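What follows is a short report on a single structure.
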Amino acid sequence: MQNEEQNVIYRRTEEKNVISSITALNQEPVVPDDHRGVTEYSRLKLNARETVRICTGDLDGGYPYYPRVKKLKDGSYFLTFQNTQDFYGTVYYRTSPDLKEWSENQILFAKRVEEDGRVRGYATCDFTVLKDGSILVVAQYNYREGLLTDDPAAGGLVTRRSTDNGRTWSQEKDIYVGVNWEPSLLQLDTGEIHCYLTHMAPYCAVYGFDNRIRSTGSAILRSRDNGETWDPDVKEVPYAGRRVMQTKVGELSDYAGTGKTVPVFNDQMPVAIQLNNGNIALACETKYFDTSLENPAERYEQYDFSVGISEDNWENELGLEEEGPADITRYHIDGLKFNAPYLDQFISGETVIASSSKIFMGDENGHHFRYLGSCGITDPDKGWWEAISVNGTHTLLHVIPYRVQGNNPHPDNSIVIRTFQLNHCIQAKKADITVDGRNEDWKTYTDALFVGSMSQAQAALRAAHDEENLYFLIERLDRTLSEKGSDTALYFTADGGEHQYRLTASAVGSVSLEEKVPENDTYISMKSTGMQVAVTVAGNPAENTEDEGYMVEAAIPKTAIVFDDSSVVSVDVRLDSTDHDGTVISERMFEQAEDLTDCGRIVLE
């Protein structure tokens, strides 16, 4: 049907799969660091539809902890996790072709009694997919429960390898002796492999053991033969790897009863990446302490995270009591606590850290991290110790355990994998668009922004232009369309925010274009703009049936709005939705932005 007054074409279709999902968009080639200098406008948005919950079942009477998930060379996925928090358990793995269906639990490192009667337990497994496609895994092993031990040799690191995507595995190979925790692996472009570890054993070996505090820092072992041998080969006192990052966080008097005052260091739980520019970025947890508190568990009063940068592959090793590296930034937010940060980078440049269910984004150089908000389970009794992994050009996987009754076995204990969509500056190319409510004209223009973290309703926004018009295509997936509760609103400005506009459409074809009145924060209708709009609905908003969604295609004459000379259009999208149970939800694409100019940016070609 045609709405003559508003120049709106409205049609309903019974065709299937007419609305594009965000997973099918953003297919343009990406050049490394092509968002250099504009990452401040980049955000992450949870894709609620893609959340996966994996029930871990009975883990030998344990509960899931410390998961890691990454994509393999053949396109399948590999997941590891352990069955206890105490660094003294069993490590499991699962595989999946698509993140949806998962194999059963399989043991990777089994807690066991050795021939000499000692019990060897495992924890904090990490892995990397090597250039040859094989999986190299590393885990810490311990001969004592817990990490406060007077024997610096009561633990170490062990690796295993799979050359067939996890179907078979090599024997365990001990690569380091010394109490440590939370190792991680990185392979550089040169093929050299780094194993990063929390470096406690050397301080205990040199200064002795003091139950009041753990002095740490981070070190690396290097392998130049694809993980066969490691340098240094650490098997004896002082159990020292190559120190690369540590911060002095205080001093402890009468250390180990010696009467001496000893410096205490931190920067632990290291995770490193090689940045697109070739430098290495290393993220660590940094704990500051108060020795006046009697309970050791209470002495760490401040948990921050730090990021260190190396431009020379850690050429200079730190001394036992030397701080470094020179390029290091510490991040602290009052009232927030950061454990075990995990770091990764998008091809376009944005660096991301997840820590204690909070997510941060930095620039292409691993600097200037800013807080984006919660990224998962916010109750530490339910889950913590998470990881992230960039999965393609625009998606990030976040994995975290979910424990129903804290540290207790439960049949519903699980691991949750969430998918986040990267929203960053996109391009509006010059295009020949016919406004007909179909997306065929947009097949080669796939740059898109996304909203859809609060319910099953979600939308993708694309843009194009020609000499006369600015074109928008909003494709909304929504299983529960309604006549009054399924509005989609596009907010935009083309002159740096001085003039702001709102295009609103509904599932029944009503459309309005309004301009904001800044004095009272209201909007007034714009008449005779020459705007063309087509709305296509795949479903029936008048009935309580399962719908697919609807799309809004609009051509807005450039003469109807105010442009400046920047060729930048700032945008935001609001989704209003009503689920079958009557729940009304409204969310914005850039809900944390203080102003429209801080939202998404579309650059006109």
Side-chain angles (χ1 to χ4, degrees), residues 1-25 47-49 431-443 445-446 448-452 454-464 469-491 502-514 525 529-556 573-587 589:
M1 90 183 152
Q2 177 84 29
N3 186 318
E4 297 293 346
E5 182 180 351
Q6 300 184 66
N7 200 18
V8 176
I9 299 172
Y10 177 78
R11 71 184 185 96
R12 282 182 46 207
T13 179
E14 295 183 358
E15 296 178 53
K16 303 297 183 183
N17 302 316
V18 298
I19 313 297
S20 301
S21 166
I22 189 64
T23 58
L25 302 178
N47 186 338
R49 285 195 176 199
D432 184 11
I433 302 292
T434 300
V435 178
D436 56 7
R438 295 174 172 84
N439 54 21
E440 282 82 0
D441 290 344
W442 297 81
K443 288 188 182 299
Y445 313 113
T446 67
L449 299 172
F450 172 79
V451 59
M454 296 178 64
S455 74
Q456 54 78 33
Q458 58 178 241
L461 169 68
R462 288 185 269 176
N469 295 304
L470 181 61
Y471 299 97
F472 293 109
L473 178 65
I474 305 173
E475 295 181 271
R476 172 173 176 152
L477 292 171
D478 192 340
R479 301 186 186 103
T480 58
L481 294 177
S482 64
E483 294 180 306
K484 295 183 178 180
S486 298
D487 287 356
T488 304
L490 167 66
Y491 300 81
R502 180 174 67 187
L503 172 66
T504 306
S506 74
V508 294
S510 61
V511 176
S512 65
L513 180 62
E514 302 163 295
S525 178
T529 62
M531 177 180 68
Q532 302 176 61
V533 181
V535 178
T536 297
V537 178
N540 189 346
E543 297 183 3
N544 190 20
T545 56
E546 181 160 320
D547 306 301
E548 182 178 337
Y550 69 94
M551 73 174 74
V552 182
E553 188 178 32
I556 302 173
V573 173
R574 189 195 77 232
L575 287 188
D576 299 332
S577 61
T578 305
D579 284 346
H580 283 310
D581 62 2
T583 302
V584 178
I585 297 172
S586 182
E587 72 165 307
M589 183 179 285

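Because the structure is a prediction, the values reported are computed rather than measured.
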Name all residues meeting the salt bridge (Lys or Arg N to Asp or Glu O under 4.0 Å) criterion together with [X]; count only those two or more places apart in sequence or in a different chain, and write none if there are none.
X    : value
E587 : K45
R49  : none
D547 : none

For residues F450 and M589, report the shortest heavy-atom separation together with the two atoms involved.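 It is O-CG, 3.3 Å.
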Looking at I474 and A459, what are the two nearest heavy atoms and their distance?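 Heavy-atom minimum between the residues: CG2-CB, 4.1 Å.
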Which pairs with one or both residues in residues 469-483 pass salt bridge (Lys or Arg N to Asp or Glu O under 4.0 Å), sequence neighbours excluded?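 Qualifying pairs, neighbours excluded: R462-E475, R476-D478.
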May I ask you to decide if [Y]'s main-chain N or O and [X]'s side chain share a donor-acceptor pair within less than 3.5 Å?
X    : Y    : answer
D436 : R438 : yes
E548 : K16  : no
S486 : L481 : no

Go through the structure and list residues passing side chain to side chain contact (heavy atoms under 4.5 Å, CB included) with [X], not counting sequence neighbours.
X    : answer
E14  : none
A534 : I9, V435
T578 : S482, V584

Tell me yes or no: between the side chains of Y550 and T488, is some donor less than 3.5 Å from an acceptor?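 Checked: Y550/T488 side chains pair up, N/O donor to acceptor below 3.5 Å.
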Residues that [X] engages under side-chain hydrogen bond (donor to acceptor under 3.5 Å, both in side chains), provided they are two or more places apart:
X    : result
E514 : R502
T23  : S21
D432 : none
D576 : R574, S586

Give the intermediate values and the outcome of side chain to side chain contact (heavy atoms under 4.5 Å, CB included) for residues I556 and T529. CA-CA 8 Å; I556 302 173; T529 62; over 6 Å; no
Run the ring-ring contact (aromatic ring centres under 6.0 Å, His included) test against Y491 and tell me which residues pass, sequence neighbours left out.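 For Y491 there are no ring-ring contact (aromatic ring centres under 6.0 Å, His included) partners, ignoring immediate neighbours.
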